[in-house]
Amino acid sequence: MAFSKEDLNIDPAEETGRIVQWMRQSVGRRLHKQGAVIGISGGIDSSVCLALAVRAFGPQRVLGVALPEHESNSESLYLARNLAKQYGARFIVEEITDALSGFGAYARRDEAVKSVFPEFGEGYRSKIVLPPVTEKDTFNVFYLTIIAPDGQEKTKRLPLKEYLQIVAASNFKQRTRMSMLYYHADRLNYAVIGTGNKNEHEQGFFVKFGDGGADLKPIAHLFKTQVYQLAEFLGIPEEIRKRTPTTDTYSAECTQEEFFFRVPFEIGDLVWLGMERQVPPEEIARAASISVQEVINIQNDIKRKIRTAEYLKMNPLHLD
């Protein structure tokens with residue numbers, strides 16, 4: 001049978017049952033915990049994980065935690081609150097702006113931004129972006145975009161020093177959120193649920209000891225497009241399923257495609273699946289309706305990211 005988009009299809013009911021059973025066994029028998037804590041953002045991945053956790057442990061043993069800060073999209077909190085209500089999960093809000101300010105996260109980031117754009121200041125927003133991978137097969141070259149209060153945008157190539165400082169400062173957000181989740185997990189004797197999908201887990205789209213820190217990751221084996229299939233089966237609200245995936249990291253709205261993946265998920269996932277199955281690039285190109293060179297560019301980008309992600313997934317080194 002010819003390789004096609006249908007190869008990404010899963011049986012949502014069967015997969016849900018498999019994941020739920022694994023979650024129960026992992027949390028109860030291996031981790032000896034009594035429930036689950038999960039950070040919910042109004043995004044598709046955390047929403048699916050919350051729905052799975054409720055099926056696995058019951059709504060009273062699932063705590064959904066919203067972790068906004070002053071740069072977060074206000075819609076995220078609204079969607080998270082309604083999601084928890086729909087599934088009957090317990091829900092709390094932990095505002096982390098003061099913690100981030102105490103770490104100097106905003107000041108350290110803005111210092112680096114101002115070294116590239118001296119005019120950057122009050123009322124400005126910023127984000128880091130990448131050009132589409134289909135344009136050229138090159139290593140990642142990051143660009144910094146700032147948006148003035150009047151909406152005017154400027155973009156410049158981002159020097160390595162400033163890039164590293166902006167990312168290091170921004171990583172305080174993920175690490176602060178995970179610290180708060182573990183506070184609640186420790187006080188309740190619950191497990192922390194990681195929300196990363198296969199795209200994020202395998203390619204390193206997470207912060208080490210931040211959103212990458214969790215006790216179990218129930219959807220880390222699923223492509224993003226397959227997570228959407230589960231979402232529909234589990235009854236995730238349409239307003240969440242249709243929402244564009246974002247990083248919720250930068251002050252300017254930044255999609256996951258802009259910052260990291262560089263290609264739409266419906267194309268990237270199919271190309272990646274074809275690569276795993278050793279399908280010829282010509283056949284993948286036909287199935288994805290793109291050129292052979294674009295297939296090669298996407299595959300090379302995925303391979304580079306997977307190699308880079310090895311460090312992020314490593315346990316601490318120690319002498320035997």
(message) Tell me whether the NZ or CZ atom of Lys217 lies within the 45° cone about the ring axis of Phe206 and under 6.0 Å from its centre.
(response) yes

(message) Testing the basics here: between Arg109 and Ser170, what is the closest heavy-atom pair and its distance to 0.1 Å?
(response) CD-OG, 4.1 Å

(request) For side chain to side chain contact (heavy atoms under 4.5 Å, CB included), just list the numbers for Arg24 and Arg29, CA-CA rounded to whole Å, side-chain angles, deciding distance to a tenth of an Å, and then say yes or no. (result) CA-CA 8 Å; Arg24 287 174 181 157; Arg29 297 180 185 177; over 6 Å; no

(message) Is it true that Glu94 and His184 share a donor-acceptor pair across their side chains at a distance under 3.5 Å?
(response) yes

(message) Between Lys114 and Glu162, does any NZ, NE, NH1 or NH2 come within less than 4.0 Å of an OD or OE carboxylate oxygen?
(response) no

(message) Main chain of Lys173, side chain of Glu69: is a donor-acceptor contact present, judged purely on distance under 3.5 Å?
(response) no

(request) Identify whether NZ of Lys or CZ of Arg in Lys154 sits under 6.0 Å from the centre of the six-membered ring of Phe117 and within 45° of that ring's axis. (result) no

(request) Without swapping roles, check the side chain of Ser115 against the backbone of Ala112 for a donor-acceptor pair under 3.5 Å. (result) yes

(message) Regarding Gln293 and Ser291, do their side chains bring together a donor and an acceptor under 3.5 Å, going by distance alone?
(response) no

(request) State whether the side chain of Arg286 and the backbone N or O of Phe3 hold a donor-acceptor pair below 3.5 Å, judged by distance alone. (result) yes

(message) Show the nearest heavy-atom pair for residues Ile267 and Val263, with the distance to one decimal.
(response) CG2-CG2, 3.9 Å

(message) Check for me whether Lys85 meets the cation-pi criterion with Phe91, that is, NZ or CZ under 6.0 Å from the six-membered ring centre and within 45 degrees of the ring axis.
(response) no

(message) Within the 3.5 Å criterion, strictly below it, is a donor on Ser41 or Ser76 matched to an acceptor on the partner's side chain?
(response) no

(message) Can you tell me how far apart CG (Leu273) and NZ (Lys5) are? Round to the nearest 0.5 Å.
(response) 13.5 Å

(message) Check this for me: does any side-chain nitrogen of one of Glu266 and Lys224 sit under 4.0 Å from a carboxylate oxygen of the other?
(response) no

(message) I'd like to know if the side chain of Arg61 and the backbone of Phe57 have a donor-acceptor N/O pair within less than 3.5 Å.
(response) yes

(request) Looking only at non-hydrogen atoms, find the nearest pair between Pro218 and Gly194 and report the distance. (result) CD-O, 3.3 Å

(message) Ignoring hydrogens, what is the shortest heavy-atom contact between Ile219 and Thr195? Give both atom names and the distance.
(response) CD1-O, 3.5 Å

(request) Measure the acute angle between the ring planes of Trp272 and Phe223, then classify it against the limits of 30° and 60° as parallel, tilted or perpendicular. (result) perpendicular

(request) Identify the two heavy atoms, one from Ser126 and one from Phe120, that lie closest to each other, and give their separation to 0.1 Å. (result) CB-CE1, 3.8 Å

(request) Begin from the C-alpha positions of Asp215 and Ile193 and carry the test side chain to side chain contact (heavy atoms under 4.5 Å, CB included) through to its verdict. (result) CA-CA 6 Å; Asp215 295 314; Ile193 306 296; over 6 Å; no

(request) Answer yes or no: is there a side-chain heavy-atom contact under 4.5 Å between His221 and Glu15? (result) yes

(request) Would you mind checking if Arg108 and Glu111 are paired as a salt bridge, meaning a charged N to carboxylate O distance below 4.0 Å? (result) no

(message) For Ile284 versus Met275, what's the shortest heavy-atom pair and its separation?
(response) CD1-N, 3.9 Å

(request) Mind running side chain to side chain contact (heavy atoms under 4.5 Å, CB included) on Val62 and Arg90 for me, showing each step along the way? (result) CA-CA 6 Å; Val62 177; Arg90 296 153 62 197; over 6 Å; no

(request) Return yes if some donor-acceptor pair links the side-chain N/O of Ser4 with the main-chain N/O of Glu6 below 3.5 Å, else return no. (result) yes

(request) Might you work through the salt bridge (Lys or Arg N to Asp or Glu O under 4.0 Å) test for Glu202 and Lys313, ending with a clear yes or no? (result) CA-CA 9 Å; Glu202 295 297 327; Lys313 294 187 286 186; 3.3 Å; yes

(request) Please check if atom CD in Glu232 has more than 12 non-hydrogen atoms from other residues, nucleotides or ligands closer than 6.0 Å. (result) no

(message) What verdict does the salt bridge (Lys or Arg N to Asp or Glu O under 4.0 Å) test give for Asp7 and Arg277, after you've listed the backbone C-alpha separation in whole Å, the side-chain angles of each residue and the deciding distance to 0.1 Å?
(response) CA-CA 11 Å; Asp7 283 67; Arg277 295 183 178 180; 2.6 Å; yes

